[in-house]
Novice: 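Okay, here's the structure, questions in a sec.
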Amino acid sequence: MKDEFPDVKQDLYGAFVVRGIELAHDAGLLAIVIGDTWMSIKSFEALRLRLLNGHAFGSFVHMRDVSNHPDIFGANAAFVLSMAGNRSRRAPFIRLTPLGSDRKEHDLRIALAQRTEGTGFHLASGADFAAIPGSPIVYWLSEKMRAAFATGTPLGHVAAPRKGIDTGENAEFLRMWWEVSCRQLAVDGAHQGKWLPYNKGGGFRRWYGNRDVVVNWEFDGAAIRARKDWASRKPTLRNLDFMKREGFSWGTVSSGGFSARYTPPGALFDNGGCTLFADQGLGRLGAFLNSTANDLFLGFLAPTLNFQPGDIALVPLAPGLNTLDIEAAECIQNARDDYDSFEDSWDFSWNPLVRRACDSASRLD
């Protein structure tokens, strides 16, 4: 696969598609049924370009059924590809989701008869897909969503989403903050210490939180830097010029969906806790990261559980976003108050229930 089909080596079905195109007549058609993972995942971009360049979809049926083909999660893409078609020609794309062949046949007949998006019927062209970074086969997108990529500014042009360091041996250099001496902690960004806050992702939480890991960064990370020439367990020290800056951090891998959290100055960040930095408008950009619009874009720019900085950089920002009064300070403060009300926060002072009881007792007095 690597030698004969290097562009589609991720899955065997890619080789069947490429070979089918090679064998088809210049004015012929290729009809095939394959899995659907290639439709949006970045590693299959070369396959999508191979399909779109010089060819056109004639028809496309997207079937999702967990009862069949568990090796590909029951998702299948059946399509007819014209070897000499015009890429701008719009073709019917039909999405079928119910279980069972009888239900699918029933829904297919309805979609063909009514030809409405509510029945799963869509019209799209290869040119529509090529207008979106990575050319994902997102046939269900509205015209406004597609236009956002033409009129908007990629987030990566106004901010810097970055991947953090890898220590090489987390068991040696990372701790939960309550495992080390308070005298050696420097969690406020203003004091020197051995153990500094370390953003490492974590579960779904917006605006603020997941600040419980610290890293040994004594003498500017001397112990970690000393290992950079090791044969194994050596660190990867990337983007050091962004360390200790304020930003919005997110979990690179998350099964609960994308969420971004404000990180104050003074923290380092990990490969699993990528962070967005901006010279101006950081709160506004953080609010956008936590918006439903961003969720919609990431639904096809990053369709798996993995949210890489490159995916975030492609999200389009609407013109005029910088003029809107969308500061995130209040949301951050509310989330911080909630996070600090639990004992696993280093800024915990006392339980809100105890505080409420004390306030009530003082009023009675």
Side-chain angles (χ1 to χ4, degrees), residues 164-165 167 170-221 223-224 242-277 282-283 285-287 289-290 307 327-365:
I165 69 173
T167 68
N170 286 345
E172 177 70 20
F173 297 109
L174 301 187
R175 296 289 187 273
M176 306 303 286
W177 70 267
W178 53 81
E179 295 179 312
V180 302
S181 170
C182 292
R183 296 177 180 177
Q184 295 182 311
L185 277 175
V187 296
D188 59 2
H191 299 88
Q192 298 294 323
K194 178 178 180 179
W195 298 95
L196 273 62
Y198 192 65
N199 295 323
K200 195 171 170 55
F204 182 92
R205 186 175 178 88
R206 285 175 171 159
W207 303 114
Y208 188 89
N210 293 352
R211 288 169 58 80
D212 48 16
V213 179
V214 290
V215 61
N216 177 0
W217 203 247
E218 190 174 27
F219 305 121
D220 201 30
I224 297 177
F242 286 92
M243 297 297 166
K244 300 184 182 180
R245 289 180 54 181
E246 67 172 342
F248 268 84
S249 180
W250 71 88
T252 308
V253 179
S254 174
S255 60
F258 182 87
S259 61
R261 296 165 291 279
Y262 174 71
T263 173
L268 282 76
F269 60 105
D270 184 86
N271 177 33
C274 299
T275 306
L276 180 83
F277 303 94
L282 177 64
L285 294 174
L289 288 180
N290 283 323
F307 303 101
E327 289 297 338
E330 185 175 354
C331 294
I332 294 171
Q333 189 59 55
N334 289 340
R336 184 167 189 165
D337 291 343
D338 173 72
Y339 186 75
D340 291 343
S341 67
F342 294 90
E343 294 182 11
D344 53 1
S345 167
W346 52 60
D347 287 323
F348 172 82
S349 55
W350 59 340
N351 188 286
L353 295 177
V354 176
R355 177 183 299 175
R356 187 181 182 90
C358 292
D359 291 342
S360 297
S362 63
R363 287 195 296 269
L364 291 175
D365 293 341

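If you're wondering where the values come from, they're calculated on a predicted model, not measured in any experiment.
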Novice: In sequence, state the C-alpha distance, the side-chain angles, and the governing distance for Leu185 and Val180, and then conclude on side chain to side chain contact (heavy atoms under 4.5 Å, CB included).
Specialist: CA-CA 7 Å; Leu185 277 175; Val180 302; 3.6 Å; yes
Novice: Under the side chain to side chain contact (heavy atoms under 4.5 Å, CB included) rule, what do Met176 and Val214 come out as? Steps first, then yes or no, please.
Specialist: CA-CA 6 Å; Met176 306 303 286; Val214 290; over 6 Å; no
Novice: Does any N or O in the side chain of Tyr262 come within less than 3.5 Å of the main-chain N or O of Ala328, such that one atom is a donor and the other an acceptor?
Specialist: no
Novice: Apply salt bridge (Lys or Arg N to Asp or Glu O under 4.0 Å) to Asp338 and list each qualifying residue two or more places apart in sequence or on a separate chain.
Specialist: Arg205
Novice: Filter on side-chain hydrogen bond (donor to acceptor under 3.5 Å, both in side chains), then keep only pairs touching residues 171-183, sequence neighbours left out; what's left?
Specialist: none
Novice: Check the pair Asp337, Tyr208 against side chain to side chain contact (heavy atoms under 4.5 Å, CB included), reporting the backbone distance first and the verdict last.
Specialist: CA-CA 9 Å; Asp337 291 343; Tyr208 188 89; over 6 Å; no
Novice: Using 0.5 Å steps for rounding, measure from the CZ atom of Phe173 to the CD atom of Glu218.
Specialist: 11.5 Å
Novice: Any ion pair linking Asp347 and Arg336 (charged N to carboxylate O, less than 4.0 Å)?
Specialist: yes
Novice: Partners of Gln184 by side-chain hydrogen bond (donor to acceptor under 3.5 Å, both in side chains), sequence neighbours excluded?
Specialist: none
Novice: Do the side chains of Asn290 and Trp207 get nearer than 4.5 Å, heavy atoms only?
Specialist: yes
Novice: Between Tyr339 and Asp212, which heavy-atom pair has the shortest distance, and what is it?
Specialist: OH-N, 4.1 Å
Novice: How long is the straight-line distance from OG of Ser254 back to CZ of Phe307, given to the nearest 0.5 Å?
Specialist: 6.0 Å
Novice: If only atom types and distance count, is the side chain of Thr252 paired as donor or acceptor with the main-chain N or O of Asn271 below 3.5 Å?
Specialist: yes
Novice: Spell out, as yes or no, whether a donor-acceptor pair under 3.5 Å connects the side chain of Thr275 to the backbone of Gly273.
Specialist: yes
Novice: With sequence neighbours left out, write down each residue that passes ring pair (Phe, Tyr, Trp, His ring centres under 6.0 Å) with Trp217, or none if nothing qualifies.
Specialist: none
Novice: In a table with atom names and distances, give each donor-acceptor pair under 3.5 Å that connects a side chain of residues 193-201 to protein atoms at least two apart or in another chain.
Specialist:
unit_1 : atom_1 : unit_2 : atom_2 : d
Tyr198 : OH     : Ile165 : O      : 3.4
Tyr198 : OH     : Asp270 : OD1    : 2.5
Asn199 : ND2    : Thr263 : OG1    : 2.9

Novice: Going from CG on Leu268 to CE on Met243, what distance comes out if it is rounded to the nearest 0.5 angstrom?
Specialist: 5.0 Å
Novice: Just verifying a value: how many Å separate Cys331 SG and Arg206 CZ, rounded to the nearest 0.5 Å?
Specialist: 10.5 Å
Novice: Taking ring pair (Phe, Tyr, Trp, His ring centres under 6.0 Å) as the test, write out the residues that go with Phe242, two or more places apart.
Specialist: Phe277
Novice: Enter the distance from Trp250:CH2 to Arg261:CZ here, rounded to the nearest 0.5 Å.
Specialist: 10.5 Å
